[in-house]
Amino acid sequence: MARGTDSRRKLLDAAIAHIANRGISDLSLRELAAAIGTSHRMLIHHFGGREGLWVAVVREVEARQRAGLGDVVPDPGASLGEAMRAWWRHISDPSLWPNERLFFEIYGQALQGRPGTTELLDGIVDAWLEPAATALEAYGIADGRPVARLGVAVTRGLLLDLLATGARAEVDAAMDAYIALLEAETAPAA
């Protein structure tokens with residue numbers, strides 16, 4: 001790995017860890033740099049500025065979530081419902097909320113066209129479709145892509161609801177209702 005790439009990776013990993021513990025509300029580059037043992041100039045050099053760093057953090061956290069999908073979802077013998085419930089328990093865990101808040105904040109800025117954030121939109125949905133569609137097809141859903149897209153939308157919508165309202169029981173019930181609909185759709189005909 002090239003030295004600059006290695007330095008960028010280390011800074012990104014440190015930023016992710018710090019943000020997960022602290023959150024980003026009013027977090028300046030100077031404060032973040034001091035907390036992770038670097039200078040704000042190095043962060044600007046590697047990420048182009050605060051927004052560029054936030055986009056890199058969101059993309060990396062999303063990539064880690066996709067890479068860990070196989071570790072979160074139960075064995076292939078589990079039912080579709082069991083697999084989806086395991087994923088929901090993981091993705092809605094409060095330990096991930098700081099990164100999820102950052103995701104929604106930067107996603108909103110990118111949708112508004114804020115400079116430095118719009119690159120987040122490239123692949124923001126599509127990156128999830130292939131792994132989700134493949135998993136759904138393994139459970140017998142013939143064309144998993146449309147259902148995968150729906151799953152991404154439902155999951156993100158319910159995460160936003162959970163972060164905004166804190167209504168854990170109600171949001172979990174909504175996800176259970178969605179999972180029940182999919183289970184009913186994929187159940188063998190009687």
Side-chain angles (χ1 to χ4, degrees), residues 9 11-29 31-32 35-36 43 47 49-74 81-114 116-133 135-136 147-179 182:
R9 166 65 47 204
L11 290 171
L12 183 57
D13 289 343
I16 290 169
H18 183 74
I19 289 167
N21 289 323
R22 189 235 187 245
I24 64 155
S25 180
D26 300 324
L27 179 62
S28 71
L29 277 185
E31 179 186 340
L32 176 61
I36 65 174
L43 293 175
F47 302 101
R50 184 174 187 239
E51 289 79 10
L53 175 57
W54 295 164
V55 167
V57 166
V58 168
R59 283 189 162 182
E60 179 61 22
V61 169
E62 288 266 297
R64 290 177 185 181
Q65 290 295 336
R66 284 189 302 277
L69 192 57
D71 297 333
V72 173
V73 176
E82 290 168 337
M84 291 182 71
R85 285 180 185 91
W87 174 248
W88 177 248
R89 280 190 304 274
H90 167 73
I91 200 70
S92 66
D93 186 274
S95 68
L96 298 178
W97 291 2
N99 288 332
E100 290 164 352
R101 284 186 187 98
L102 175 64
F103 170 83
F104 287 115
E105 180 177 345
I106 302 304
Y107 200 175
Q109 290 177 14
L111 289 170
Q112 291 294 325
R114 182 175 182 164
T117 63
T118 56
E119 71 181 66
L120 178 68
L121 298 176
D122 296 335
I124 196 71
V125 173
D126 290 343
W128 284 98
L129 294 183
E130 188 61 34
L136 289 165
V147 179
R149 185 175 292 274
L150 177 60
V152 170
V154 168
T155 300
R156 288 182 176 165
L158 289 176
L159 280 173
L160 186 57
D161 182 341
L162 181 59
L163 293 170
T165 67
R168 184 71 198 206
E170 293 87 346
V171 174
D172 285 349
M175 179 55 87
D176 281 338
Y178 170 67
I179 292 169
L182 276 182

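Numbering starts at 1 and runs along the sequence shown.
- By the 4.0 Å N-to-carboxylate-O rule, R149 lies close enough to D126 to be salt-bridged with it.
- Electrostatic pairing of R89 and D93 does not count as a salt bridge here, judged by no charged N lying under 4.0 Å from a carboxylate O.
- Side chain to side chain, Q109 and W54 fail the donor-acceptor criterion of an N or O pair below 3.5 Å.
- The heavy-atom pair separating W97 from L163 by the smallest distance is CG-CD2, 3.5 Å.
- For residues 100-109, the set of pairs meeting the salt bridge (charged side-chain N to carboxylate O under 4.0 Å, His left out) definition, not counting sequence neighbours, is empty.
- Here the shortest heavy-atom pairing between A174 and L158 reads CB-CD2, 3.7 Å.
- Nearest heavy atom pair, residue G116 against residue V55, reads O-CG2, 3.5 Å.
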(request) Applying side-chain contact (heavy atoms from CB on, under 4.5 Å), run through Y107 and I124 and close with a yes or a no. (result) CA-CA 9 Å; Y107 200 175; I124 196 71; 3.7 Å; yes

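- A distance of 9.0 Å separates CG in L96 from CG in L159, rounded to the nearest 0.5 Å.
- A salt bridge is defined here as a Lys NZ or Arg NE, NH1 or NH2 lying under 4.0 Å from an Asp or Glu carboxylate O, and R156 with D161 fails to meet this definition.
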(message) Let's go through F47 and L29 carefully: what are the C-alpha distance in whole Å and the side-chain angles of both, what is the deciding distance for side-chain contact (heavy atoms from CB on, under 4.5 Å) to 0.1 Å, and is it a yes or a no?
(response) CA-CA 11 Å; F47 302 101; L29 277 185; over 6 Å; no

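- The structure places CG of L12 at 10.0 Å from CG of L43, a figure rounded to the nearest 0.5 Å.
- To the nearest 0.5 Å, atom CZ of residue R168 and atom OG of residue S92 are 3.5 Å apart.
- When all heavy atoms are compared, the tightest approach of T118 to G113 is CG2-CA, 3.6 Å.
- Residues D172 and W88 have side chains that bring a donor and an acceptor to within less than 3.5 angstrom of each other.
- Each of I36, L32, I16, L53 was scored for a side-chain contact (heavy atoms from CB on, under 4.5 Å) with L11, with one residue passing: I36.
- Side-chain N/O atoms of R50 and S28 include no donor and acceptor closer than 3.5 Å.
- Between the CD1 atom of I106 and the CG atom of L111 there is a distance of 11.5 Å, given to the nearest 0.5 Å.
- For the pair L27/H18, a side-chain contact is recorded, criterion being any heavy-atom separation below 4.5 Å from C-beta on.
- Judged purely by atom type and a 3.5 angstrom limit, W128 has no side-chain atom pairing as donor or acceptor with the backbone of A148.
- Between the side chain of T155 and the backbone N or O of V152, no donor-acceptor pair lies under 3.5 Å.
- Atoms NE2 and CG, on H90 and D71 in that order, are 9.0 Å from each other to the nearest 0.5 Å.
- Taking CD of E60 as the reference point, atom CD of E62 lies at 11.0 Å (rounded to 0.5 Å).
- The two residues P131 and A127 have their closest heavy-atom pair at CD-O, 3.5 Å.
- Looking at R85, its side chain does come within 3.5 Å of a backbone N or O of G81 through a donor-acceptor pair.
- Put simply, the side chain of R59 gets close to the backbone of E119: a donor and an acceptor are under 3.5 Å apart.
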